[in-house]
Amino acid sequence: QTIRMGTKRYELTDSEWNQIKDMLPPEHPKEGKRGRPAKCDNRSAMNGILWIARGGAPWRELPERYGPWQTVYSRFRKWRDMGMFEAVFQALSVDADFENISIDSTSCKVHQSADGGKNQKIRQLVYPEAAENEDPYLVDGLGNPLAFLLSSGNDHDSIHAILLLSQVEIAGSNVLGDKAYGAKAIRQYIDSQEAAYTIPPKSDNSDPWPVDWHTYKERHLVECFFQKLKWFRRVFTCYDKLDASFLAFVHIAAIAILLK
């Protein structure tokens with residue numbers, strides 16, 4: 001990939017920027033008309049947001065090279081409220097390979113600056129890339145994200161599984177999950193969607209079902225993705241009072257990973 005002269009750590013390369021630049025709103029709401037020019041361009045704003053997401057620093061500590069922190073934060077709030085980060089994330093994952101889908105969750109600590117909020121869980125749905133896939137954009141040996149949900153940290157994994165699975169088309173797919181997702185209601189939902197599942201039964205299950213343990217090993221990809229996701233300190237620890245802001249940072253981290 002080509003890196004711009006002077007590109008700093010965490011910033012987008014030219015090729016990465018070219019993939020998303022047309023998905024962002026105009027830098028000025030009255031483009032082509034008279035009005036006050038924007039204090040920073042979209043690329044600088046996006047790089048500044050990535051700097052915050054990766055380093056976990058407060059907005060006021062944003063380096064001046066990205067523009068005034070107030071401007072970058074305002075751009076973040078505007079794009080968050082527009083659903084722009086989620087839209088870019090969905091556009092980048094449009095070519096997903098649904099042969100196998102892994103479902104899992106991970107917990108994130110909540111900082112006291114988040115107003116004493118309780119632990120939240122990111123519930124993630126990913127697909128593991130198939131080695132035989134011919135699309136070079138997908139064949140990277142990793143699991144890339146498809147959907148997220150936020151929930152209380154003390155919720156059982158199975159509670160939100162059906163809601164999460166309903167966000168994507170799983171017909172013809174094989175859903176991989178650990179024993180926490182072996183509830184009858186979840187398995188019935190998967191069957192009703194004409195999908196299969198590779199979920200081991202609990203040891204005390206009175207009616208166990210067969211499991212393809214070779215396929216089940218592919219679940220490690222979701223754990224690998226969680227590790228990458230938590231390289232972003234704004235996701236590893238929640239500093240945001242609003243769930244919408246925290247979820248926006250989850251999408252931002254996923255965008256950065258998908259662009260690599």
Side-chain angles (χ1 to χ4, degrees), residues 1-55 59 62-98 124-127 129 133-140 142-148 167-169 225 228-229 231-232 234-235 244-260:
Q1 293 180 339
T2 301
I3 299 179
R4 289 192 304 166
M5 184 65 68
T7 297
K8 305 293 184 180
R9 191 179 184 188
Y10 311 146
E11 294 182 0
L12 298 173
T13 64
D14 289 337
S15 61
E16 292 167 355
W17 172 244
N18 288 335
Q19 291 183 62
I20 67 170
K21 65 179 183 180
D22 294 333
M23 306 181 200
L24 306 183
E27 294 172 2
H28 196 286
K30 298 179 180 179
E31 189 173 9
K33 299 182 180 180
R34 298 178 61 184
R36 180 179 298 177
K39 294 183 178 180
C40 67
D41 57 39
N42 279 346
R43 185 169 186 177
S44 296
M46 191 65 188
N47 282 333
I49 293 169
L50 283 170
W51 188 91
I52 293 290
R54 190 64 185 268
W59 285 101
L62 184 71
E64 293 181 358
R65 66 176 177 270
Y66 299 118
W69 73 265
Q70 298 95 328
T71 301
V72 178
Y73 174 63
S74 177
R75 198 81 56 94
F76 166 80
R77 284 196 312 171
K78 178 181 178 181
W79 291 350
R80 176 201 67 195
D81 295 342
M82 291 173 58
M84 193 275 293
F85 298 117
E86 182 177 4
V88 173
F89 161 71
Q90 291 176 345
L92 292 175
S93 58
V94 69
D95 293 326
D97 180 354
F98 289 91
Q124 183 206 16
L125 189 64
V126 308
Y127 71 91
E129 320 300 11
N133 199 303
E134 296 181 356
D135 191 333
Y137 180 70
L138 298 177
V139 180
D140 59 5
L142 300 175
N144 285 335
L146 289 176
F148 299 100
Q167 294 189 25
V168 298
E169 178 58 58
F225 184 82
K228 284 189 172 184
L229 195 66
W231 289 347
F232 293 81
R234 278 279 186 154
V235 176
S245 293
F246 180 67
L247 188 58
F249 277 117
V250 174
H251 283 121
I252 291 164
I255 290 168
I257 294 171
L258 288 170
L259 285 173
K260 298 299 182 183

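The line from CG of Asp14 to CZ of Arg43 is 4.5 Å long, rounded to the nearest 0.5 Å. For the atom pair OH of Tyr66 and CG of Asp41, the computed distance is 12.0 Å after rounding to the nearest 0.5 Å. The line from CD1 of Ile255 to CE of Met46 is 5.0 Å long, rounded to the nearest 0.5 Å.
When the ring pair (Phe, Tyr, Trp, His ring centres under 6.0 Å) test is applied to Phe249, the partners found at least two apart in sequence or on another chain are Phe76. For Gln70, there are no side chain to side chain donor-acceptor pair (under 3.5 Å) partners two or more places apart in sequence or in a different chain. Listed by chain and number, the residues in a salt bridge (Lys or Arg N to Asp or Glu O under 4.0 Å) with Arg65 are Glu11 (sequence neighbours excluded). Every residue was checked against the side chain to side chain donor-acceptor pair (under 3.5 Å) condition with Tyr73, not counting sequence neighbours, and none meets it. For the side chain to side chain donor-acceptor pair (under 3.5 Å) test, residues two or more places apart in sequence or in another chain that qualify with Arg80 are Ser245. The ring pair (Phe, Tyr, Trp, His ring centres under 6.0 Å) search around Phe89 returns Phe148, His251, not counting sequence neighbours. With sequence neighbours excluded, the residues that form a side-chain contact (heavy atoms from CB on, under 4.5 Å) with Trp231 are Arg54, Gln227, Lys228.
Taking each heavy atom of Ile252 and Ala53 in turn, the nearest pair found is CG2-CB, 4.1 Å. Across every non-hydrogen atom of Gly48 and Leu62, the tightest pair is O-CD1, 3.5 Å. Counting all heavy atoms, side chain and backbone alike, Val235 lies closest to Ala253 at CG2-CB, 4.2 Å. Residues Leu258 and Pro145 approach most closely at CD2-CD, 4.0 Å, considering heavy atoms. Of all heavy-atom pairs between Leu12 and Asn47, the closest is N-OD1, 2.9 Å.
Residues Ile52 and Trp69 are not in side-chain contact: their nearest non-hydrogen atoms beyond the backbone lie 4.5 Å or more apart. At least one side-chain heavy atom of Pro25 sits less than 4.5 Å from a side-chain heavy atom of Trp79. Side-chain contact between Lys21 and Asn18 is present, with heavy atoms from C-beta onward closer than 4.5 Å. A heavy-atom distance below 4.5 Å is not found between the side chains of Val72 and Ser44.
A distance-only check finds no donor-acceptor pair linking the side chain of Arg75 to the backbone of Ile49 [under 3.5 Å]. A donor-acceptor pair is defined here as one N or O able to donate and one able to accept, closer than 3.5 Å; no such pair exists between the side chain of Glu86 and the backbone of Gly83.
Residue pairs that meet the salt bridge (Lys or Arg N to Asp or Glu O under 4.0 Å) test with at least one member in residues 245-258, sequence neighbours left out, do not exist here.
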